[in-house]
Amino acid sequence: MQFLDQSESWELFHKKACKSQGVEFETIGRPIVEKCKGLPLGIVVVAGVFPVDEVINANNLARLWAAEGLVKAFKNESFEAVAKRYINELMDRNLILVSKRSCCGRKIKEFRVHDLLHAFCVREGQNQSLLHVVDESGCNFPQKGVRWIRIERVSFKDFDICALHSLSKHCRSIFHFGRSPTDSIILEIFSQLRVLYVAEYLSPTSTDVHIHLRYLWITRQCDSSHSFFSNAWNLQTYRVNEGIELNHLKFPQLQYIKCHELYGSFPKSVHQNLQVINRLRASKCDQESLTKVPYLKKVSITIDDPNDCVKNIDCLQQLESLSLHFDSWSYGIPDMMAQIINNILLLKNIRKLTFDYMTCEWKVINVLSKLPKLEVLKLMVCDLGKKWEVPENVKFCHLICLKISFGSLKHWEVGADNFPKLERLFLQSCYSLREIPNSFAEIPTLNLIQLQWCLPSAVMSAKQIQAEQHEYGNENMIVIEENTIQLEDDSDEGEFDEMKMRSR
């Protein structure tokens, strides 16, 4: 498709988006057209694969781009970097409304699209025979094939399954939202299918395979679904809200796998492309298994047995993000934690660490400062003791984000040199912490302190830090407080134990 000049772009937008010719339409529409820079199909990809007002996950969108072959990485640039650059460009053009950022603030996690822009995207997609939407407004199917089909809120009475099947020859993607007759769709006739996004129960009518399938997202599936996709050799993304047999890692192109639980055994061959695994149990982290996924960049591990100490995790030398979730407080044995931390120190590429329900001492956390690239540290519902003293020689040199949630921390002794590059501090449900050390006022990079369910005195100390930062010329530093609480008796020794039980 050729680029349009400003006059042609405005004429197209005016014709497709809305019949109104009022001042408001002109005010909103003109900047949108200008930001599109003559490329209307560029925004169809963003908004037309999702319903209006849908929150769009940026990482999910990036994986959809990859499955559709719309974005390709350069020789010396990762796909993630390319996707991040494209999404930031959409933001810079005011084509998307950012609704959530990562905790470090560097990445867009979720966004929305303005209703007017969404309507334009859908209509232009339909005009170019790219998109067909099946919804409650009607089920009039186009005469020629389309690349994407979106199904939402359609009753059995209004659903013309034969007409839908007539589009199977050219269809590359099916997006299914809301309640409508999923089971009646004969998926095997969609021989060119690359993307299947089903927000409902999926029960395939046969066990034929989809060789071209690259992206599979299912809320629930029946047993036959596993065999239906057992030979999808080009599958890149596999997500389901149920358990997945580890044998599915045999897909050679698989990069991302997320589910309720992974069970079974790893396949025999080494997996060269797998980068993300969610919900892996520590019992599966033996040396033989982990050496089969040497290029993992992100993994979350559930520790349900004190004997599974993730002692072989040093096999994952490419790992950048690690989340450890303890199934029980009783498993937070100090000796075990020391061993786990020592193994983590061998991972020189780690940038993000998350601990859930961990019991140990703060001095163990200080050891993590030895990680050369650590940028994000999250301590979620961790019992680490009441006093965190950070010695002068302990420096988290690259840490930009620190989050403490449901902690027993009461006294915090820390200097500005311990966190020289810290940008964001999150404190959530830290019921005992009376104040944030004033030394944070001397960290020049600090731009946010966010407190949720914290004491008024802690909030007051944060605002004092903000005032001093502003005096030093750091006008960008802000404090956000939510649900500030007042405890009647904050000296109760059993209070934190009670909070822990409630949080479980």
Side-chain angles (χ1 to χ4, degrees), residues 16-18 40-41 43-57 60-61 64-65 67-68 70 112-206 208 210 212-222 225 228-229 239-240:
K16 295 295 181 181
C18 185
L41 295 189
I43 54 177
V44 172
V45 179
V46 180
V49 297
F50 290 91
V52 65
D53 291 329
E54 185 84 1
V55 174
I56 300 174
N57 182 281
N60 184 33
L61 178 66
L64 286 169
W65 279 342
E68 290 279 1
L70 298 172
R112 295 177 183 270
V113 177
H114 191 281
D115 291 359
L116 184 62
L117 179 58
H118 184 274
F120 169 59
C121 294
V122 171
R123 290 173 183 172
E124 182 57 20
Q126 293 170 334
N127 185 56
Q128 297 296 324
S129 297
L130 286 172
L131 171 68
H132 178 67
V133 179
V134 184
D135 58 22
E136 58 189 3
S137 63
C139 296
N140 295 322
F141 286 81
Q143 296 298 316
K144 55 183 179 179
V146 294
R147 187 183 181 103
W148 306 316
I149 296 175
R150 192 183 85 213
I151 306 170
E152 55 177 313
R153 298 187 299 274
V154 181
S155 66
F156 283 89
K157 180 181 67 174
D158 298 328
F159 194 74
D160 188 346
I161 194 66
C162 293
L164 177 66
H165 289 159
S166 70
L167 303 177
S168 62
K169 182 178 180 181
H170 300 285
C171 179
R172 298 292 190 272
S173 300
I174 295 178
F175 296 86
H176 190 282
F177 300 91
R179 296 180 178 178
S180 52
T182 312
D183 295 354
S184 59
I185 301 176
I186 305 176
L187 291 173
E188 54 266 34
I189 69 173
F190 291 82
S191 58
Q192 301 300 314
L193 199 65
R194 293 185 178 184
V195 172
L196 181 59
Y197 186 112
V198 181
E200 286 293 324
Y201 181 78
L202 178 67
S203 179
T205 55
S206 80
D208 289 348
H210 273 77
H212 300 291
L213 195 67
R214 298 179 182 176
Y215 180 105
L216 177 61
W217 183 310
I218 311 174
T219 300
R220 296 184 300 122
Q221 60 183 349
C222 67
S225 300
F228 182 72
F229 303 110
R239 177 167 179 171
V240 64

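Numbers here simply count residues along the sequence, with the first being 1.
Nearest approach of Arg172 to His170, heavy atoms of both residues: NH1-O, 3.0 Å. In this structure, His118 and Val113 approach most closely via the heavy-atom pair N-CG1, 3.9 Å. Taking both residues in full, the closest heavy atoms of Val195 and Phe175 are given as CG1-CZ, 3.8 Å, listed atom of the first, atom of the second, then distance. Taking all atoms of both residues into account, the shortest heavy-atom contact from Glu68 to Arg194 is O-NH1, 3.4 Å. The minimum heavy-atom distance linking Val134 with Ile149 is given by the pair CG2-CG2, 4.4 Å.
Proximity of Phe190 to Leu196: side-chain heavy atoms (C-beta onward) are nowhere separated by under 4.5 Å. Side-chain contact check for Leu187 versus Ile174: some heavy-atom pair is nearer than 4.5 Å. With contacts defined as side-chain heavy-atom distances shorter than 4.5 Å, the pair Val146/Leu130 does not qualify. Counting heavy atoms from C-beta outward, Leu193 and Tyr215 have side chains that stay 4.5 Å or more apart.
Taking CG of Leu167 as the start and SG of Cys162 as the end, the distance is 11.5 Å to the nearest 0.5 Å. Atom OH of residue Tyr197 and atom CG of residue Leu64 lie 8.0 Å apart, to the nearest 0.5 angstrom. The line from OG of Ser168 to CD of Glu188 is 10.5 Å long, rounded to the nearest 0.5 Å.
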Evaluation steps, side-chain contact (heavy atoms from CB on, under 4.5 Å), between Ile151 and Leu164:
CA-CA 10 Å; Ile151 306 170; Leu164 177 66; 4.1 Å; yes
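Arg214 contributes a side-chain N or O that, together with a main-chain N or O of Ala67, makes up a donor-acceptor pair within less than 3.5 Å. Remark: side-chain polar atoms of Arg150 are not paired, donor with acceptor, to backbone N or O of Trp148 under 3.5 angstrom.
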